[in-house]
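Just so we're on the same page: letters track the sequence lines, and every chain starts at 1. Everything numeric in this text was worked out from a predicted model, so none of it was measured.
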2 protein chains.
Amino acid sequence: MPHIPDPPRPGRPKDSTKHAAILAAAKQLFARQPFEQVTMEAVAAQATVSKMTVYSHFHDKETLFEAIVTSVADQMIGILSGSDLRDAPLRERLVAVGRDFLGVILAPGVCEMAHSLPATLRDNRPLALRFYNAGPGRVRRALAAMIAGAAERGDLAVDDPAFAADDLVSLWEGSRPAMIAFGLAEPVLPEEIRQRAERGTDIFLRAYRPDAGEG
Amino acid sequence: MPHIPDPPRPGRPKDSTKHAAILAAAKQLFARQPFEQVTMEAVAAQATVSKMTVYSHFHDKETLFEAIVTSVADQMIGILSGSDLRDAPLRERLVAVGRDFLGVILAPGVCEMAHSLPATLRDNRPLALRFYNAGPGRVRRALAAMIAGAAERGDLAVDDPAFAADDLVSLWEGSRPAMIAFGLAEPVLPEEIRQRAERGTDIFLRAYRPDAGEG
DNA sequence: TAGATACTGGACGCGACGGTATAGGATCAA
DNA sequence: TTGATCCTATACCGTCGCGTCCAGTATCTA
């Protein structure tokens, strides 16, 4: 996404801080309420900006929403593409990916939104796909590759790396995202994220360790 | 919930088939769209009933929604309270519970709704709690008890039965519910439910088998 | 048969919200 | 300074959906 460097137009330029403020306000509101319940007036008020300004930066409510989703997706990519640790032992690599993944998916703002997204995105397949591929999908693909490599080296006894990656992610998450979405649990602390990543990884390794004799 | 047997009132009695039709129509619509997008007119049309009739049976849109949630929750309880199989081997018992659970949670109508519920129920804790306790919560409690029993008998090496139950449910579900909610996958066939229940259970048993030496 | 209630269909009041219009002040480049 | 554009504030329009009212008809009990 190369940011075209403003072809110098006459008149007063747009205030990029307002743009950011609107984006931040919308992100916060969409995280709390589903699409229909977020009013453009509320976004404007939250950003301490006139409603007209909102419409001057984002033509549409849907355009604004898509900008949010895209932004979160990009943020996910940024965080998740860093965690690899080429030559650390397998467990450490998995735990690191798990920590990053949980850090994103359980973040105070993201988690609630992630669970109100489906309802809104069900009739917007392209955007839904993009979001999924930037977050959960990306992690699953990376994990499947790591697992396949470990299997070839004989470090894991795995039938299908994709299934195994799914298992690992599921063990990391547990019921936490659902509970948060239901409003039955508070957002997690970093300490719990670390514990979940380690616990899930250990259980995974125990289930798939080579001497378990599973084809 | 004992159904009070109609204190005989004068005049034409309410048509219970209409009541059921409204409930069914609403269940179908709420499964597809979030709360705000379902119009009472649509419910009436779907039930081939006048809008006024809808309001005569359910005072409110929220009342109707709560009736749906309650109905689904009761249905869950009905299905899930049957699966126990007192003296079958552990694996068979777990697989049976898993099949029932997945059958409910991945059912064509329930799964989509389950993922639009949180957004609607976040400001209705009691109802959210009731739903959770009737479905996922109930299963987790039952599983924790079964797992604790197996651990006492030495059939499993488990630190915390509640965590372990969480792991098992997570392995059963995988990413399927999320994918369906995002509209990126179709509702599942019974065959896949069986496979998931067995696969998840086997992986769980492998991770927690006693000779793995985990405290 | 009479009285009471249920169902239908259409019309409608009302509030909420997305989006537009307008007018006036602010801020930039030339 | 000028002209173009941005931002604000407010008023406004159109629509949509909830919930109600009403007049007419159907159905039940006594």
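Considering B/Lys18, B/Arg12, B/His19 as possible partners of B/Asp15, the one that fulfils the side-chain contact (heavy atoms from CB on, under 4.5 Å) test is B/Lys18. Screening A/Asp167, A/Asp166, A/Asp160 for a salt bridge (Lys or Arg N to Asp or Glu O under 4.0 Å) with B/Arg199, the sole residue that qualifies is A/Asp167.
Residues A/Arg99 and A/Ile193 approach most closely at O-CG2, 3.8 Å, considering heavy atoms. In plain terms, the two heavy atoms of A/Ser71 and A/Lys27 that are nearest each other are OG-NZ, 3.0 Å. When all heavy atoms of A/Val158 and A/Ala151 are compared, the pair lying nearest together is CB-CB, 4.3 Å.
Across all strands, A/Val54 comes closer than 4.0 Å to no nucleic acid atom at all (heavy-atom distances). When heavy atoms are screened at a 4.0 angstrom cut-off, A/His19 is found touching no nucleic acid atom at all. If you check every strand for non-hydrogen atoms under 4.0 Å, A/Met40 touches sugar and phosphate atoms only.
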When you compare the protein's N or O atoms with those of nucleotides 12-16 of chain C, which come within less than 3.5 Å of each other, and at what distance?
none

Restricting both atoms to N or O, compile the protein contacts to nucleotides 3-5 of chain D shorter than 3.5 Å, with distance only.
none

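In this structure, the NZ atom of A/Lys61 is 18 Å from the P atom of D/dT15, given to the nearest Å.
The nearest heavy atom of DNA chain C to A/Val38 and to A/Met52 marks one nucleotide each, and the one closer to the 5' end goes with A/Val38.
Close to C/dC7, at under 4.0 Å from its OP1 or OP2, lies a side-chain N or O of B/Ser56. Between A/His57 and D/dC7, a side-chain N or O to OP1/OP2 separation shorter than 4.0 Å is present.
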- Step by step, would you call B/Leu205 with B/Thr201 a side chain to side chain contact (heavy atoms under 4.5 Å, CB included)? CA-CA 6 Å; B/Leu205 292 177; B/Thr201 303; 4.0 Å; yes
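Looking at the side chain of A/Lys18, the nearest of the listed nucleotides C/dT8, C/dT20, D/dC7 is D/dC7. The side chain of B/Tyr55 sits closest to D/dC18 out of C/dT8, D/dC18, C/dG18. Nearest nucleotide to the A/Asp15 side chain, out of C/dC7, D/dT20, D/dC7: D/dC7.
Residues that satisfy the side chain to side chain contact (heavy atoms under 4.5 Å, CB included) test with A/Ala148, not counting sequence neighbours, are A/Pro161.
The environment of CD in A/Gln195 is crowded: more than 12 heavy-atom neighbours from other residues, nucleotides or ligands sit within 6.0 Å.
Classification of the A/Phe35-A/Phe30 ring pair by plane angle, with boundaries at 30° and 60°, yields parallel.
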